[in-house]
Chemist: 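Sharing a structure, written as structure tokens. Questions coming.
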Number of protein chains: 2
Amino acid sequence: MKLYSFWRSLASFRVRIALNLKGIAYEQVAVDVDRQQQRDETYAALNPQMALPALVLDDGTVLTQSLAILDYLDEACTGAALLPGDAKGRARVRALAAMIACDAHPLTTPRVQRYLTEVLHVDAPARTAWLRHWATEMLVAVEAQLAGHAATGRFCHGDAPTTADICLAGHVVFALNQGIDLAATPTVQRVFEAGMALPAFAAAHPLAQPDAPQALRRKPVVT
Amino acid sequence: MKLYSFWRSLASFRVRIALNLKGIAYEQVAVDVDRQQQRDETYAALNPQMALPALVLDDGTVLTQSLAILDYLDEACTGAALLPGDAKGRARVRALAAMIACDAHPLTTPRVQRYLTEVLHVDAPARTAWLRHWATEMLVAVEAQLAGHAATGRFCHGDAPTTADICLAGHVVFALNQGIDLAATPTVQRVFEAGMALPAFAAAHPLAQPDAPQALRRKPVVT
């Protein structure tokens, strides 16, 4: 499989974690969002939405949208399950994932930041406040869903990582980059740390990717 | 089942269509977002995210997040399938749904409009331009995924409505409300009209709901 991704893209981060948890080998093709390479002809031909990531299967099928890719990998591939075995459990995990992937992440993407800057002339401090506002709102909402819920375990749902933990990892990495303190959301912090302690998560971290700027790069994680 | 919803909420619209397609009887409980009733204690106790909709099953289980609810209904209930039978087809349908539900809809929600107005002091014309920008961007992106694709049929994927059509319905209703012309996205228009011609879609329309303002209300659709 070939994953078209960008080191900083949180949706790409999700798919990398899932591929690692499933034990699937993949080649990563860097698409530099800072240089708007996702709008280049080659990539636009693969994914007309010009959004990352895209996963190209060995038969050439192109899959897009991280949540859809995660569900596909879980249905079609062996390896660790990304969703619980029962329908209500799956609904809880998918709801946690959607909270982050639908209601928080899109508000902080480069295209939205660009619109705020270029069209609405929002200055840098107000833009930072925007990012921190939505990141914090979602940390609090996820904490409220996790804290004290009987199904919350070592991870968001039980004692194995699921799609919810995959989405949470990216959200918390983003929040930490924005300088947000996790002290007010202790369950989120605990569950996030349990995830990042796993090699599948650590190896997928934005700063562990070959296209991350050299100065920021972490040492590759041995899996 | 009990659906906590608001007539204008597009995420509620999705769940109403799915329940109708499945032939599931449900009671609708109106939560007035204009009066911020989703922040009232009663609703916040049901859904700590304080977002609509929430579906309460007969055993008291509370499901949230429309995409997660759609998947649950498809897995747990009989009636028309909301997803195709093959994993790659499901991935395509889920990607189309996620494009709309993740990458477009959240940018136009009341909480975001409120932030633009109250914190960033964006005036009404610029706010309208914001709504139209994201609505149009997504219409174009969905058109590019649908037009000429072998799997596109009478509906987004084949000749029966799926989760993708359910999400598309809300997006197009929103775009039309913003005065956006569908002429540039003819496949979207055709597929949308095929959906809205079905009683399950028509009866779920925001303006067909009992909590819609009387002056805007459509006559109830006979299903």
Side-chain angles (χ1 to χ4, degrees), chain A residues 11 44 47-51 55 57 59 61-77 83 86-88 90-99 101-107 109 111-112 115-116 119-120 122 126 129-130 133-134 137-138 140-145 147, chain B residues 11 44 47-51 55 57 59 61-77 83 86-88 90-99 101-107 109 111-112 115-116 119-120 122 126 129-130 133-134 137-138 140-145 147:
Chain A
N47 179 6
Q49 196 198 347
M50 300 178 279
L55 183 68
L57 306 183
D59 71 357
T61 306
V62 181
L63 305 184
T64 62
Q65 286 290 336
S66 62
L67 289 186
I69 295 174
L70 263 52
D71 271 334
Y72 174 83
L73 292 174
D74 208 35
E75 288 176 6
C77 305
L83 291 169
D86 63 306
K88 283 175 193 162
R90 280 194 295 278
R92 179 170 180 262
V93 166
R94 284 188 170 124
L96 287 164
M99 283 172 67
C102 298
D103 290 346
H105 175 237
L107 298 169
T109 49
R111 70 196 169 104
V112 172
Y115 192 100
L116 290 172
V119 183
L120 296 178
V122 173
W130 165 279
H133 174 81
W134 302 119
E137 183 193 64
M138 191 47 63
V140 171
V142 172
E143 179 72 23
Q145 296 283 20
Chain B
N47 180 5
Q49 196 196 349
M50 300 178 279
L55 183 68
L57 306 183
D59 71 357
T61 305
V62 181
L63 304 184
T64 62
Q65 287 289 332
S66 61
L67 290 186
I69 294 173
L70 263 51
D71 272 334
Y72 174 83
L73 292 174
D74 209 35
E75 289 176 3
C77 306
L83 290 169
D86 62 305
K88 283 175 193 162
R90 280 194 294 278
R92 179 169 180 262
V93 166
R94 283 188 170 126
L96 287 164
M99 283 172 68
C102 299
D103 290 346
H105 175 238
L107 298 168
T109 49
R111 70 196 169 103
V112 171
Y115 192 99
L116 290 172
V119 182
L120 297 178
V122 173
W130 164 280
H133 174 81
W134 301 118
E137 182 192 65
M138 191 47 64
V140 171
V142 172
E143 179 71 22
Q145 297 282 21

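Every chain is numbered from 1, with letters handed out A, B, ... down the list of sequences.
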Chemist: With a 4.5 angstrom heavy-atom cut-off, is it the side chain or the backbone of B:T64 that approaches chain A, or both, or neither?
Modeler: both
Chemist: Quick one, A:W134 with B:R111, criterion side chain to side chain contact (heavy atoms under 4.5 Å, CB included). Give me CA distance, side-chain angles, the key distance, then yes/no.
Modeler: CA-CA 10 Å; A:W134 302 119; B:R111 70 196 169 103; 3.4 Å; yes
Chemist: Heavy-atom distances under 4.5 Å only: say whether B:V119 touches chain A with side chain, backbone, both or neither.
Modeler: neither
Chemist: Within this structure, what is the CG-CZ distance for the pair B:L63 and A:R90, rounded to the nearest 0.5 Å?
Modeler: 12.0 Å
Chemist: Which donor-acceptor pairs under 3.5 Å do the side chains of residues 66-73 of chain A make with protein atoms, sequence neighbours left out?
Modeler:
{"unit_1": "A:S66", "atom_1": "OG", "unit_2": "A:R14", "atom_2": "NH1", "d": "2.8"}
{"unit_1": "A:D71", "atom_1": "OD1", "unit_2": "A:R94", "atom_2": "NH2", "d": "3.1"}
{"unit_1": "A:D71", "atom_1": "OD2", "unit_2": "B:R94", "atom_2": "NE", "d": "3.3"}

Chemist: Quick one: what part of B:R92 sits under 4.5 Å from any heavy atom of chain A, side chain, backbone, both or neither?
Modeler: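 Contact with chain A is absent: no heavy atom of B:R92 under 4.5 Å.
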Chemist: Heavy-atom distance under 4.5 Å to chain A: side chain of B:E137, backbone, both or neither?
Modeler: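 The answer is the side chain of B:E137.
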Chemist: Do B:Q145 and A:N47 have side-chain heavy atoms sitting under 4.5 Å apart?
Modeler: yes
Chemist: So which part of B:H105 gets closer than 4.5 Å to some heavy atom of chain A, the side chain, the backbone, both or neither?
Modeler: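 The answer is neither part of B:H105.
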Chemist: What part of B:D59 gets within 4.5 angstrom of chain A, counting heavy atoms only: side chain, backbone, both, or neither?
Modeler: side chain
Chemist: B:D103: which residues meet the side chain to side chain donor-acceptor pair (under 3.5 Å) condition with it, sequence neighbours left out?
Modeler: A:Q49, A:Q65
Chemist: At a 4.5 Å cut-off on heavy atoms, which part of B:W130 comes close to chain A: side chain, backbone, both, or neither?
Modeler: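 It is both, since atoms from each part get that close.
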Chemist: Contact part of B:M50 toward chain A, heavy-atom cut-off under 4.5 Å: side chain, backbone, both or neither?
Modeler: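 Interface part for B:M50: neither.
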Chemist: Heavy-atom pairs under 4.5 Å with chain A are the metric here; pick the option from B:L107, B:V122, B:V140 that has the most.
Modeler: B:L107
Chemist: Based on non-hydrogen pairs under 4.5 Å, which of A:A126, A:A144, A:A91, A:A95 is most in contact with chain B?
Modeler: A:A95
Chemist: Determine the option with the most heavy-atom pairs under 4.5 angstrom with chain A, choosing from B:A129, B:A141, B:P106.
Modeler: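 Highest number of heavy-atom pairs under 4.5 Å: B:P106.
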Chemist: Is chain A contacted by the side chain of B:L120, its backbone, both, or neither, given a heavy-atom distance below 4.5 Å?
Modeler: side chain
